[in-house]
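A quick write-up on the structure given underneath.
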Amino acid sequence: KQYRSVFNCFRLVTAKEGVRALYKGMSPTLVSFLPLLSLRAGTNDMIKYVFFGAYKPSYLQLSVAGASAAALESLILVPTDVIKIRLQNQTLPAPGQPLPYAGSLHCAKMILRKEGLSNGFFLGSSATVMRQLVYGATLFPTFEYLRRRLTRDGEQLVGFRKLLCGIGAGVSAAVVG
């Protein structure tokens, strides 16, 4: 066992590699985060209205739309997660030796060159897709349930109540997923 606790890990990593080591692999996550959230929300809305045509969709319809949107999102997210994990897992080499990956793009090129697209980026991705299916199938109907409980028909969800719905749905989906 390399670390005795989270605090021990923090102390040892920062002492050995510096504070920047705590943020290794963050650029792929940050670059993909906002577009993926937009994709998830947009895909969810498209599925709701195109396939169900529902003004007030049922919770089952919201689950199907949410699961579908999350599955699509996860297929796009998996390669960036692989890059992030590879960057985070690289350790300082012996003095005078370069790091295995110079950055996100270099990491992606090396994975593609050495392992190929399916083995390098998507091997084992079915677990991620399944996790995201459950997450999406829980997130959207829970948000809608809370929205309906906190507003009257036709009333817009704003401010603190919207924040409560988002937190409630996010926590529920994280616990279930």
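FYI, side chains are in, hydrogens and waters are out, and symmetry mates aren't considered; it's all heavy atoms of this structure. The chain is numbered in sequence order, starting from 1.
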Exercise for the section: Taking atom OH of Y59 as the centre, report whether more than 12 heavy atoms of other residues, nucleotides or ligands fall under 6.0 Å from it. Expected result: yes
Handout entry: Lys/Arg-Asp/Glu bridge criterion (N-O < 4.0 Å) met for K48, E144
Key = no
Exercise for the section: Measure the shortest side-chain to side-chain distance between Y3 and V13 over non-hydrogen atoms and say whether it is less than 4.5 angstrom. Expected result: yes
Exercise for the section: Spell out, yes or no, whether F52 and L62 are grouped together once hydrophobic residues are joined by side-chain heavy atoms under 4.5 Å, including indirect joins. Expected result: no
Exercise for the section: Could you grab the distance from atom CG of N8 to atom CD of Q2, nearest 0.5 Å is fine? Expected result: 9.5 Å
Practice task
Hey, could you give me the CZ/CG distance between R40 and L72, rounded to the nearest 0.5 Å?
Solution key: 11.5 Å
Handout entry: Side-chain donor or acceptor of Q61 paired with backbone N/O of S58 under 3.5 Å
Key = yes
Practice task
With rounding to the nearest 0.5 Å, note down the distance linking CE in M110 to CG in L112.
Solution key: 11.0 Å
Handout entry: Euclidean distance, L157 CG relative to L164 CG, rounded to 0.5 Å
Key = 9.0 Å
Exercise for the section: Check the hydrophobic clustering (I, L, V, M, F, W, Y; side-chain heavy atoms under 4.5 Å; chains of links allowed) and say if F140 and V134 are grouped together. Expected result: no
Practice task
Using a cut-off of 6.0 Å, state whether more than 12 heavy atoms not belonging to F10 lie near its atom CZ.
Solution key: no
Problem - Q156 CD: over 12 foreign heavy atoms closer than 6.0 Å - result: no
Exercise for the section: Please check if atom CZ in F121 has more than 12 non-hydrogen atoms from other residues, nucleotides or ligands closer than 6.0 Å. Expected result: yes
